[in-house]
Amino acid sequence: MKMPPLNASLLLATSALTLVLAAPASAQSAAPAAPTPQRQAAAQKPAQPSPEDTRVPAKPADASNAGAGEAVETVTVTGTRPTSKIDRDIYDPKNDPETPVSSAADALNKAPGVSVDAEGNVTLRGNSGVQVLIDGKPSAMMQGDFRASTLQSMAAGDIDSIEVMTNPSAQFGAEGSAGIINLVMRRDRRPGKTLQINTAVGNDDRYNAAINGAYNTGKVTFQSGLTVRRDGRDGEDTSFQERLNGTNSTREDRTGNRRGRNNSYGVVAGAEFNLNEKDTAGMQFQVGKNDGENESMRRTTSTGASAYTSAIQNLSENQNDTYSARFNFSHNGDLERENFKADVRLSRADSNGIQYVDEDYDYISGTPREDRRYRQFNDQSSRNIDVSWDYNRPFAGGELVVGMEFDISETAFDNRRFNIDKTSNVSTLDTRLTNMFELDQDESEAYITYQRALGDKWTVLGGLRAENTTVTINQKTTSIYRENRYTKVHPSLTVQYMLSERGKLKFSYSKRIRRPQANDLNPFIVYNDERNARSGNPNLLPEQTHSYELGYEYNQRSKGLTFQAKLFHRKSEDIFVSRSSFIDNNVLLTTRENGGEGTATGIDLNFNAKLGSKLDLNLQSVVSQNEQPRRFGSAEGAVDKANSVNGRARVTYRVTPKDTLTAMINARGKELTGQGYREPTYFTMMSYRHKFNNRYSMTFNITDPFEINKNVTITDTDTIKARSESNGGGRVFYIGLQITPFARIGGPSSDQPQDGPRMRQGGMREGGNWGGGGGNGPGGGF
């Protein structure tokens, strides 16, 4: 389906919102009635913590923190300790000492089972097939190459919580073979005015600043924010590559260095209106800008059939612009926990990149190549429209939730290469390296979930999601056109058994899907240089995964003790693998294909303990055995196996009530690639926070203090043997100041609501198709 222009998209959104606003009448089972005294009390009186947990009550239960049908959570586990719900684990970064000076990528590195490398690549339990949502819904800024730049430029302070779902319920889309990571953006509904200011400066000209403010009149809440961030990474790379092609075999040894700087800006504004006791409407708008400059130099020495040395200098400039808008409506029915929600979201991301490349060759033997100079233009545009509605109500002693979602997305690439004559400086279009490609993907989805307690011990959550997808591939340069339609049904099931007040068992199953990215489908051959090229595969099928988990959880919150152990098995079909083979003129072409079945079996452990009054300990580990078919040349058959250990150790020490120290090491395990593997990587961080009072605090943060963060990839096939190594950017430190001007000196902590929690009518938590909530943090989406 062709994506309409932005002004037409706004018209479509307005029309769709008009339609869904008319729907609550059909969603009610009876005429509106006056709120019951119990419901009035729930709206006016903060809920009390359970006897087991005596910590300060949390802020009001927000739509973004729960799925439909869950009871109000009156407490939250803060700092470094995650909590869980029946189908997800939730990590709260708000009170981490290093959050004010961190990016979203840094915050994700502390969530259960999640790892983000220096390039912004996200994995869950070592698997890269992860769907990242913003407030429970897809966004153009989290698709393809935009995801890395968004996570690295988004401030961690804009995030209210991080939901990790390895086996999500059917209320969430089935995209993501490894699971879903949902970023729930901050919203502030405290009465009166609030303001928070974060500023920080770091080494190598780094700095960031964020201002968040809100004003709540009781009927209307206005919220806005501004984020400015400058960051960057310097690094070094080394590699060798043996190309095994008979008499044309060669070996190349390379060394390189790189320097990059990135600037990002974000502005967000939103409003929420309490129309009456039952109805709420809201709108939010966001604009973001990200620009960067990168410089690299790579030197190569080649031996064998073609011996030469070369020096390649690359200067690049990139600019990313993102826009998003959200319109939402919520209506509470007459029954307890009856609710209807409608949501319309528009998002767009545009990227414009220019590379200036200068190649100088000095030949020793073989056919010489001329020195080259060229400019490469890479323009990308991604647009998304998402319309959804959800309705939940009590049914047959349980909670029934139904919903529909319509998601329209379009991605377009325009790549142009101009060769520059070094003598005359005249530019000529290189048709071999110029192409235009479009990918349209339209999804129509419907789901149903039902949750019910069976006696005092058992709870069951089951669901079914049906998705009809149309994928259209248009390689304009080569006139290759493909259209693929398919319908998939994705069941999910979670069964929980309470062993005691503190211990429970849980079994879960879900069927997931991983759809190819645009670059995976583009069949045009793109030359990285004269000897290496890549292309996509327009016949690539989605990868499907069956995921099973059996877990035990022990929770003694009054002592700060939690323990989780999960056995998991994932079986994937039509997995994505890479294949490399030689084509004309000794060029090594790497492409993607479906590689059959792959499995991952292992155990996921998570331990949190409060040791005395000063020390908090968090230990996480994922030990797994992974199997994946191998692809090389024209051969098939071998199966790669790898034992992988992903882990995290985090210690928080409260030196005094106002001084906190934190140290963490994060290990990402071995990962198979289809032609080899990526070696384990390690990420370390240390921070110190001093709180002067409720209005002022200071943070010092250092990442990779021992400079051990390195990425190493091994390729071992009958056509190529290679090893590449790059560091993660080196040591980075920040010192920051956090100011909360309106906090009461000597009153309750500024990290907690000061006027008591404010709940929705009927004590409901918002949830549904998008997880509720709003994207009111700078740099966030909707």
Side-chain angles (χ1 to χ4, degrees), residues 1-9 140-149 290-292 314 316-323 346-357 372-385 407-420 426-443 469-485 515-530 532-540 576 583-584 587 589-593:
M1 177 176 178
K2 187 68 176 177
M3 180 74 70
L6 185 59
N7 57 351
S9 300
M141 65 183 66
M142 288 296 176
Q143 296 177 3
D145 296 335
F146 292 109
R147 177 195 290 179
S149 61
N290 183 293
D291 60 70
N314 189 318
S316 64
E317 299 176 0
N318 296 278
Q319 179 175 310
N320 296 333
D321 297 309
T322 58
Y323 314 89
L346 312 174
S347 58
R348 174 171 179 166
D350 296 311
S351 174
N352 305 106
I354 304 176
Q355 294 185 67
Y356 302 89
V357 181
R372 298 193 310 165
R373 180 179 295 161
Y374 61 84
R375 285 181 299 173
Q376 177 77 43
F377 295 86
N378 299 299
D379 298 335
Q380 180 180 349
S381 176
S382 182
R383 289 187 279 180
N384 181 270
I385 298 177
D407 185 82
I408 304 170
S409 63
E410 177 187 281
T411 303
F413 293 90
D414 184 1
N415 304 311
R416 289 157 289 145
R417 169 76 67 88
F418 291 89
N419 296 324
I420 303 173
V426 174
S427 298
T428 305
L429 182 68
D430 189 337
T431 56
R432 291 188 318 149
L433 303 171
T434 298
N435 79 100
M436 297 180 66
F437 176 69
E438 291 183 351
L439 171 66
D440 294 348
Q441 184 168 287
D442 304 333
E443 300 172 36
T469 304
T470 301
V471 179
T472 303
I473 301 168
N474 186 6
Q475 173 39 256
K476 290 187 172 183
T477 305
T478 57
S479 300
I480 296 176
Y481 185 89
R482 296 279 193 280
E483 185 173 279
N484 186 17
R485 300 174 183 267
R515 298 180 177 89
Q517 298 292 316
N519 279 327
D520 296 328
L521 297 170
N522 185 2
F524 194 86
I525 297 177
V526 177
Y527 288 78
N528 301 323
D529 52 49
E530 288 296 320
N532 298 278
R534 61 176 173 82
S535 71
N537 179 358
N539 299 313
L540 198 64
F576 302 153
I583 58 175
D584 297 339
V587 173
L589 175 67
T590 300
T591 187
R592 299 281 267 174
E593 65 179 46

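Worth saying up front: this structure is predicted, and the values here are computed from it rather than measured. Atoms considered below: every heavy atom in the structure, side chains included; atoms not considered: hydrogens, waters and symmetry mates.
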Q. Quick check: does any side chain N or O of Q475 sit under 3.5 Å from a backbone N or O of T477, one acting as donor and the other as acceptor?
A.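 Yes, the answer is positive, given that a donor and an acceptor are paired below the 3.5 Å cut-off.
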Q: Would you check if there is a donor-acceptor pair between the side chains of D321 and Q319 at a distance under 3.5 Å?
A: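 Looking only at side-chain atoms, D321 and Q319 do form a donor-acceptor pair, the distance falling under 3.5 Å.
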Q) Just by distance, with hydrogens left out, do T469 and E443 show a side-chain donor and acceptor under 3.5 Å apart? A)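 E443 and T469 do not have a side-chain donor-acceptor pair below 3.5 Å.
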Output the distance between atom [atom1] ([X]) and atom [atom2] ([Y]), rounded to the nearest 0.5 Å.
{"X": "R515", "Y": "D520", "atom1": "CZ", "atom2": "CG", "value": "14.0 Å"}
{"X": "M141", "Y": "D350", "atom1": "CE", "atom2": "CG", "value": "11.5 Å"}
{"X": "N522", "Y": "R592", "atom1": "CG", "atom2": "CZ", "value": "14.0 Å"}
{"X": "I408", "Y": "Q441", "atom1": "CD1", "atom2": "CD", "value": "12.0 Å"}
{"X": "D440", "Y": "R383", "atom1": "CG", "atom2": "CZ", "value": "9.5 Å"}
{"X": "N384", "Y": "M142", "atom1": "CG", "atom2": "CE", "value": "13.0 Å"}

Q | Evaluation steps, side-chain hydrogen bond (donor to acceptor under 3.5 Å, both in side chains), between R485 and T470 | A | CA-CA 4 Å; R485 300 174 183 267; T470 301; 3.2 Å; yes
Would you say [X] and [Y] make side-chain contact, with heavy atoms under 4.5 Å?
{"X": "Q355", "Y": "N378", "value": "yes"}
{"X": "P523", "Y": "S535", "value": "no"}
{"X": "L433", "Y": "Y374", "value": "no"}
{"X": "R348", "Y": "S381", "value": "yes"}
{"X": "Y323", "Y": "S347", "value": "no"}

Q: Kindly indicate whether a cation-pi arrangement holds for R375 with Y356, taking the cut-offs as under 6.0 Å to the six-membered ring centre and within 45° of the axis.
A: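 The answer is no; the distance or angle limit is not met.
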Q: Would you check, one step at a time, whether the test side chain to side chain contact (heavy atoms under 4.5 Å, CB included) holds for L521 with F437?
A: CA-CA 10 Å; L521 297 170; F437 176 69; 4.2 Å; yes
Q. Step by step, would you call L439 with F413 a side chain to side chain contact (heavy atoms under 4.5 Å, CB included)?
A. CA-CA 9 Å; L439 171 66; F413 293 90; over 6 Å; no
**Q.** Closest contact, heavy atoms only, G353 versus D379
**A.**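 Where G353 meets D379 most closely, the heavy atoms are N-OD1, 4.0 Å.
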Q | Heavy-atom closest pair, residues T411 and A518 | A |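 The pair with the smallest heavy-atom distance is CG2-CB, 4.1 Å.
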Q | SB check R416 D430 (cutoff 4.0 Å) | A |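 Between D430 and R416 there is no salt bridge, as every charged N stays at least 4.0 Å from the carboxylate O atoms.
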Q. Of N415, I354, T434, which is the lone residue that meets side chain to side chain contact (heavy atoms under 4.5 Å, CB included) with Q376?
A.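 Only match with Q376 under side chain to side chain contact (heavy atoms under 4.5 Å, CB included): N415.
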Q) Is there a side chain to side chain contact (heavy atoms under 4.5 Å, CB included) between F146 and S351 once you walk through the steps? A) CA-CA 8 Å; F146 292 109; S351 174; 3.5 Å; yes
Q.
Using the rule given for side chain to side chain contact (heavy atoms under 4.5 Å, CB included), can you reason through E438 versus I473, listing the C-alpha separation, both sets of side-chain angles and the distance that settles it, and then say yes or no?
A. CA-CA 6 Å; E438 291 183 351; I473 301 168; over 6 Å; no
